[in-house]
Protein chains: 2
Amino acid sequence: MARRNVPIEKCDCDIIHQEVVDRVRGRLPQEETLYDLAEFFKVFGDSTRIRILWALTESEMCVCDIANLLNMTQSAISHQLRVLKQAALVKNRRDGKVVYYSLDDDHVQQILEQGMSHINEK
Amino acid sequence: MARRNVPIEKCDCDIIHQEVVDRVRGRLPQEETLYDLAEFFKVFGDSTRIRILWALTESEMCVCDIANLLNMTQSAISHQLRVLKQAALVKNRRDGKVVYYSLDDDHVQQILEQGMSHINEK
DNA sequence: TACTCATATGAATATTTGTTCATGTATTAG
DNA sequence: CTAATACATGAACAAATATTCATATGAGTA
């Protein structure tokens, strides 16, 4: 959501803190890298996807199982599974008509648990 | 974004996988907990906020420093800092007219780094 | 006091995004 | 081949959200 038609106003801090700001600027990762990082976390930032991921930490499941479990339409789940797949958070295998989804690696579970422990501490 | 005016269609998997689905259902955290977890990750899911957080891992900074660093308006930064503060990811201290923001704890940095290492692996 | 600077905030707006609906594709069964 | 089942997908719509603009607040200063 990037807009910016207006010049940025400066304040005196710019002069006072110039060294600090320049140092921080030099240590920031690439703009694009941080954008990708935000995109990565964005995938976790939806309760439907979180519930799907959490469910898959317990067992691989097919699309319709997940839809039943979460009481949502097959279409809605399928759309979200696509988002998760594109983010390389889940993988799938086909067995006849049925497609089973599972977590792509256990890194995902670690991230879920770390987030969970953070909100439990506060 | 919760809508659901339509009954969920069932498929045969529901019968075949019933035991698995029931077991997973029993092991899912509270609906509200997962919702909170999604809200938590949602805060990381914006590139402006990610850049703010990453900058604050290097040094505390005032609002106008951050605005200059990221080449954005003071207002936009201030709005996002409020989001970060409400999520308990940053804290602030006032020194005269200037308000300095910093990370609330180093747990935040761990989460950033874990996300970063994930996207670098893929 | 009046004035300036740094920050906060409410409303408006444009963009993004999640779900629904309709339909398409792949696989199996008859 | 035809029908049925499980899943995928494009378009439309509603809701959420990030930025801008205008303005308010709070602290120092003349």
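This is a predicted model, so every value here is computed, not measured. In what follows, every chain begins at residue 1, and chains take the letters A, B, ... in the order their sequences are listed.
Between the CD1 atom of B:I77 and the P atom of C:dT9 there is a distance of 15 Å, given to the nearest Å. What separates CG of B:N92 from P of C:dA6 is a distance of 17 Å, to the nearest Å. The interatomic distance linking B:N68 (CG) with C:dA6 (P) rounds to 10 Å, in whole Å. The nearest whole Å value for the distance from the CD atom in A:Q86 to the P atom in C:dG18 is 12 Å. The nearest whole Å value for the distance from the NE2 atom in A:H79 to the P atom in C:dT16 is 18 Å. In this structure, CE of A:M72 is placed 6 Å from P of C:dT20, rounded to the nearest angstrom. Straight-line distance from the CG atom of A:N71 to the C1' atom of C:dG18: 16 Å, rounded to whole Å. Regarding B:R82, its CZ atom lies at a distance of 11 Å from the P atom of D:dA18, rounded to whole Å.
Near DNA chain D, meaning a heavy atom under 4.0 Å away, the residues from residues 58-66 of chain A are A:C62, A:V63, A:C64. Near DNA chain D, meaning a heavy atom under 4.0 Å from it, residues 38-48 of chain A has no residue at all. Taking every heavy atom of residues 12-25 of chain B and every atom of DNA chain D, pairs under 4.0 Å involve B:D12, B:C13, by number.
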Can I get a per-line list of side-chain donor-acceptor pairs under 3.5 Å for residues 54-61 of chain A, giving both atom names and the distance, sequence neighbours left out?
unit_1	atom_1	unit_2	atom_2	d
A:T57	OG1	A:W54	O	2.5
A:E58	OE1	B:R27	NE	2.7
A:E58	OE2	B:R27	NE	3.3
A:E60	OE1	A:R93	NE	3.2
A:E60	OE2	A:R93	NE	3.4
A:E60	OE2	A:R93	NH2	2.5

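Classified by interplanar angle (parallel below 30°, tilted 30° to 60°, perpendicular above 60°), the ring pair A:F44/A:F40 is perpendicular.
The shortest distance between the side-chain N/O atoms of A:T73 and the OP1/OP2 oxygens of C:dT20 is below 4.0 Å. For A:Y101, no side-chain nitrogen or oxygen approaches OP1 or OP2 of D:dA6 to under 4.0 Å.
A donor-acceptor contact under 3.5 Å links the side chain of A:S75 to the base of C:dC21.
The distance between the ring centers of A:H17 and B:Y100 falls below 6.0 angstrom.
Taking both residues in full, the closest heavy atoms of A:G96 and A:R94 are given as O-NH1, 2.9 Å, listed atom of the first, atom of the second, then distance. For A:L37 against B:G115, the heavy-atom pair with the smallest separation is CD1-C, 3.5 Å.
Both A:L103 and A:V83 are members of a single hydrophobic cluster when ILVMFWY side chains are connected at heavy-atom separations under 4.5 Å. Tracing side-chain contacts under 4.5 Å through hydrophobic residues (I, L, V, M, F, W, Y), one never reaches B:V98 starting from A:V21; they form parts of separate clusters. There is a path of hydrophobic side-chain contacts, each under 4.5 Å, that joins B:Y101 to A:V20.
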*Show your working on side-chain contact (heavy atoms from CB on, under 4.5 Å) between A:K85 and A:R82 and close with a plain yes or no.*
CA-CA 5 Å; A:K85 180 118 191 267; A:R82 190 160 57 91; 5.6 Å; no

_Checking A:Q18 against A:C13 for the side-chain contact (heavy atoms from CB on, under 4.5 Å) test, could you report, in this order, the C-alpha distance in whole Å, the side-chain angles of both residues, the deciding distance, and whether it holds?_
CA-CA 8 Å; A:Q18 192 174 354; A:C13 297; over 6 Å; no

What N/O pairs connect the protein and nucleotides 23-29 of chain D at under 3.5 Å? Give each pair on its own line.
none

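A donor-acceptor pair under 3.5 Å links the side-chain atoms of A:D46 to the main chain of A:R49, judged by distance alone.
Applying the disulfide bond (SG atoms under 2.5 Å apart) definition to pairs two or more places apart or across chains, those involving residues 39-97 of chain A are A:C64-B:C11.
For B:Q80, whose side chain is taken as the heavy atoms from C-beta onward, the closest listed nucleotide among C:dG18, D:dT19, D:dC7 is D:dT19.
B:E31 CD: 12 or fewer foreign heavy atoms inside a 6.0 Å radius.
Each of A:I52, A:L53, A:I66, A:V43 was compared with A:Q80 under the side chain to side chain contact (heavy atoms under 4.5 Å, CB included) criterion, and only A:I52 meets it.
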